[in-house]
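Numbering of ligands and ligand atoms starts at 1, following listing order.
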Amino acid sequence: MAILDYDMVIVGAGFAGLRMLIEARELGYKARVIEGGDGIGGTWYWNRYPGARCDVFSADYSYSFSTELEQEWRWSERYPTQPEILRYVEFVADKFSLRQDITLGTTVHGAHFDDDRNNWVVETSDGRSLRCTYFVMATGCLSTAKLPDIAGRDSFAGEVYHTAYWPQETVDFAGKRVGVIGTGSSGTQLIPVVAQQAKHLTVFQRTPNFSVPARNAVITAEEDAEIKATYADRRAKARNSPSGLGIVPNKQSALEANPTERNRHYEHQWETAGFGFVLAYYDLLLNKESNDTAADFIRAKINATVQDPATAVKLAPTGYPFGAKRPCVDSGYFETFNRDNVTLVDIRDEHLETITPSAVATNAATYELDVLIFATGFDAMTGSLLKPNIRGRNGRSLRDKWAAGPITYLGLATEGFPNFFFITGPGSPSLLSNVLLSIEQHITWLAGVLRAGEAENASTVEVTAEAEADWTDHVNVTAAKTLYSQAASYYMGDEIVGKPRVFMPYSGGVRAFGRKCDEIADGGYVGFTFEDAHVPTKQ
Ligand code: NA7
C-alpha cells in the first residue's frame with residue numbers, strides 16, 4: 001500500500017475549508033488545505049471591491065461551533081463589510097491554530113481516484129502529487145469569476161478590474177471616467193461608492209435587478225450583549241427557518257391580505273427586513289399573482305426614488321418574478337442614479353457592440369473611459385468544482401458525468417467518486433440559504449458519514465446511483481413548484497452560454513434539508529455504501 005500523505009485534502013481556505021479542517025482534526029485526521037490565494041478567506045479574500053459587504057446579518061453569518069468564539073468576537077455592523085469578515089476569518093484561523101495546515105498560493109489542477117489503492121491523488125500547481133484517503137472540494141458556489149464575451153474585451157488600455165479579483169491596493173477613482181458592466185449584488189454595492197469618487201460613472205445594465213434596502217446600522221454595545229446572550233436560540237431558530245436566516249415566513253398568502261393591509265406590511269418589510277423581504281408572504285416564490293404584488297411595490301419604490309422618469313423605467317425590473325433571480329440588498333443604489341455624474345446605459349436598448357482601447361461602444365454611442373470594471377459575476381455552483389480535472393473510478397471524469405447538469409446526493413457526493421465530497425454543492429440549499437449555516441450543517445453531517453464508514457472498517461464511502469438519481473429528481477420536483485425557472489439566473493445555469501439549464505440549488509429550505517439528512521442518518525446513512533475491510537491509514 002502506498003504511503004498516504006494525508007487522511008484528507010481539502011481544497012479552499014474559505015469558510016467551508018476552514019470549518020472542514022476543524023472537523024477533520026476532530027475526526028483525528030491529518031488534513032491539509034490547499035488554497036489558490038495568497039491569504040485565507042476564500043470569496044472574502046478576493047471580493048475586496050469598494051462597498052463589498054455581506055447581505056446576511058453578521059451574527060448569523062458566523063460560525064456556531066464554538067460558544068467561546070461567539071462570545072469573543074464582536075461584530076461592529078449588522079451587515080459586515082468585507083474587511084471585517086476577513087478579520088473574523090483571520091481571528092478564527094489564529095484562535096484554532098489553523099494556518100499550519102494550510103498551503104497558500106497553490107492551485108489544485110486535478111485529482112484522480114486510484115482504483116487499486118482506494119485513495120486519491122491530488123495534483124497541485126507546485127508540481128506535487130498528494131495521496132490522501134478523502135478528497136474534499138470546499139471551493140464555494142461563487143468563486144470562479146466570469147468575464148463577459150464582448151468583442152474587444154481584452155483590448156481596453158486603461159485600468160481594468162473584476163469585482164471578484166480586486167487588487168489589495170486602494171483604487172483611486174478621483175477625476176476618472178469609470179464604466180461598470182453588471183448590476184448584480186456586486187455592482188449594486190460598488191456603484192454607489194464609486195459614484196461618490198469618480199468624475200463620471202457609466203453603468204451598463206443588461207437586466208435590472210430587484211433590490212431592497214439593507215438599512216445597515218452599527219451594532220451597539222447593548223445589542224451586542226443581547227446577541228451574545230441569545231446565540232443558542234438564534235442558531236436553533238435559523239436552523240428551523242427555510243433560509244437559515246431565522247425568519248419565519250408569513251403564513252398568509254399575499255392574495256389573502258387586502259391591498260391596504262398588504263401595502264402596510266410591505267412598507268414595514270421595506271424599512272426593516274433586508275433580504276427577508278422575500279419572505280413577506282409565504283407564497284411570493286410559489287404564486288405569480290402573489291409575486292406581482294411584491295414586484296409592483298418595489299417598482300413603485302424605484303419610481304418614487306429615481307428622479308428622471310426614463311432612468312426609473314430602465315431600472316425597474318420587468319419580465320421575471322421578484323426573487324427568481326437573486327435579489328440585491330443595497331445602500332443607496334437607486335438614489336445614485338439621481339447624481340449628475342452617473343449615466344445608466346440599458347444594453348437591451350443600446351446593444352453593447354465592442355470594447356476599444358479607450359471606450360465601451362454600443363450601437364448608439366461611444367463611452368470614453370479611464371477605468372473599466374467588470375461586475376459580471378461567476379460560473380456559479382459548478383464552476384469551481386469542474387475547473388480541476390477530477391476523475392473517479394475507472395478514470396471517469398466529473399466533467400463528463402455532469403455534462404448534462406450536476407447529479408448529486410444531497411449536494412455532497414456523487415456516485416463513481418468514492419471518498420470524494422463537496423461542501424454546499426449543487427443539490428444542497430447553499431445559494432438559497434445563509435450559506436454559513438449550510439456549510440456547518442453539511443460538514444458536521446459529513447463527519448457522521450465518515451464515522452459510520454470507519455465503524456464499518458470501510459476504506460471507501462460512496463453514494464449509490466439510485467440515491468443520487470432520487471435526490472436529483474427531488475431537487476427538480478421541488479424547484480418545479482416554484483417560480484425560479486421563470487428568470488434567467490445563475491440558479492438555472494443561465495450565466496454561462498452553453499451551460500446546461502437545470503435548477504441547481506435545493507429550494508426546499510434548510511429546515512427540510514436538515515430533517516431529510518437526519519432521517520438518512522437515523523436509517524444508517526441510506527444511500528451510502530461503505531466498502532472494503534481495512535480502515536484508512538491514519539497519519
Ligand atoms: P451576479 O449576481 O451574477 O451579477 C452579474 C451581473 O453582470 C448581472 O447584472 C449580469 O447581467 C451582468 N452580466 C453578466 N454577463 C454580462 C454580459 N455579457 N454583458 C452585460 N452584463 C453582463 O454576480 P455578482 O458578483 O453581482 O453577485 C454574486 C453573488 O454575490 C450574489 O448573488 C450574492 O449572493 C453575493 P444579467 O443579470 O445576467 O443580465
Considering only the protein, which heavy-atom contact is closest to [atom], and what is its distance?
| atom | result |
| --- | --- |
| atom 11 (O) of ligand 1 | Arg206 NE, 3.7 Å |
| atom 4 (O) of ligand 1 | Gly184 CA, 3.5 Å |
| atom 9 (O) of ligand 1 | Thr183 N, 2.9 Å |
| atom 23 (O) of ligand 1 | Gly377 CA, 3.2 Å |
| atom 28 (C) of ligand 1 | Phe378 CE1, 3.8 Å |
| atom 33 (C) of ligand 1 | Ser185 OG, 3.6 Å |

Query - Contact with ligand 1 for Leu142, non-hydrogen, under 4.0 angstrom - result: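 Under 4.0 Å: yes for Leu142.
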Requested in this report: Give a yes/no on ligand 1: does Phe204 have at least one heavy atom closer than 4.0 angstrom to it?
Outcome: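 Phe204: no contact with ligand 1 (<4.0 Å).
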Residues [X], [Y]: salt bridge by 4.0 Å N-O rule:
| X | Y | result |
| --- | --- | --- |
| Glu84 | Arg53 | no |
| Asp308 | Lys314 | no |
| Lys499 | Asp379 | yes |

Query raised in the report: Phe57 and Trp75: ring pair (Phe, Tyr, Trp, His ring centres under 6.0 Å), yes or no, with the steps?
Result: CA-CA 10 Å; Phe57 195 79; Trp75 291 106; 9.6 Å; no
Query raised in the report: Any side-chain heavy atom of Phe91 within less than 4.5 Å of one from Leu69?
Result: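 Phe91 reaches Leu69 side chain to side chain.
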Query - Heavy-atom side-chain contact between Phe277 and Ser211 under 4.5 Å - result: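 Heavy-atom side-chain distance check fails, nothing below 4.5 Å.
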For [X], counting its heavy atoms only, list the atoms of ligand 1 lying under 4.0 Å from any of them.
| X | value |
| --- | --- |
| Lys325 | 36 (P), 37 (O), 38 (O) |
| Lys146 | 14 (C), 15 (N) |
| Pro148 | 17 (C), 18 (N) |
| Ser186 | 24 (P), 25 (O), 26 (O), 27 (O) |
| Gly182 | 6 (C), 7 (O), 9 (O), 12 (C) |
| Ile347 | 20 (C) |
| Ile181 | 20 (C), 21 (N) |

Query - Straight-line distance of Arg48 CZ to Ile85 CD1, nearest 0.5 Å - result: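 It comes to 12.0 Å.
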Query raised in the report: Say you draw a straight line from CZ of Phe378 to CD of Glu495; how long is it, rounded to the nearest 0.5 Å?
Result: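 Atom-to-atom, Phe378:CZ and Glu495:CD are 11.0 Å apart.
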Query raised in the report: What are the two closest heavy atoms between Gly425 and Phe422, and how far apart are they?
Result: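 Looks like CA-CD1, 3.9 Å.
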Should [X] be counted as touching ligand 1, given the test is an N or O pair under 3.5 Å?
| X | answer |
| --- | --- |
| Ala375 | yes |
| Thr207 | yes |
| Tyr490 | yes |

Report task. Under the side chain to side chain contact (heavy atoms under 4.5 Å, CB included) rule, what do Glu267 and Phe297 come out as? Steps first, then yes or no, please. Result -> CA-CA 9 Å; Glu267 280 292 350; Phe297 177 88; 3.8 Å; yes
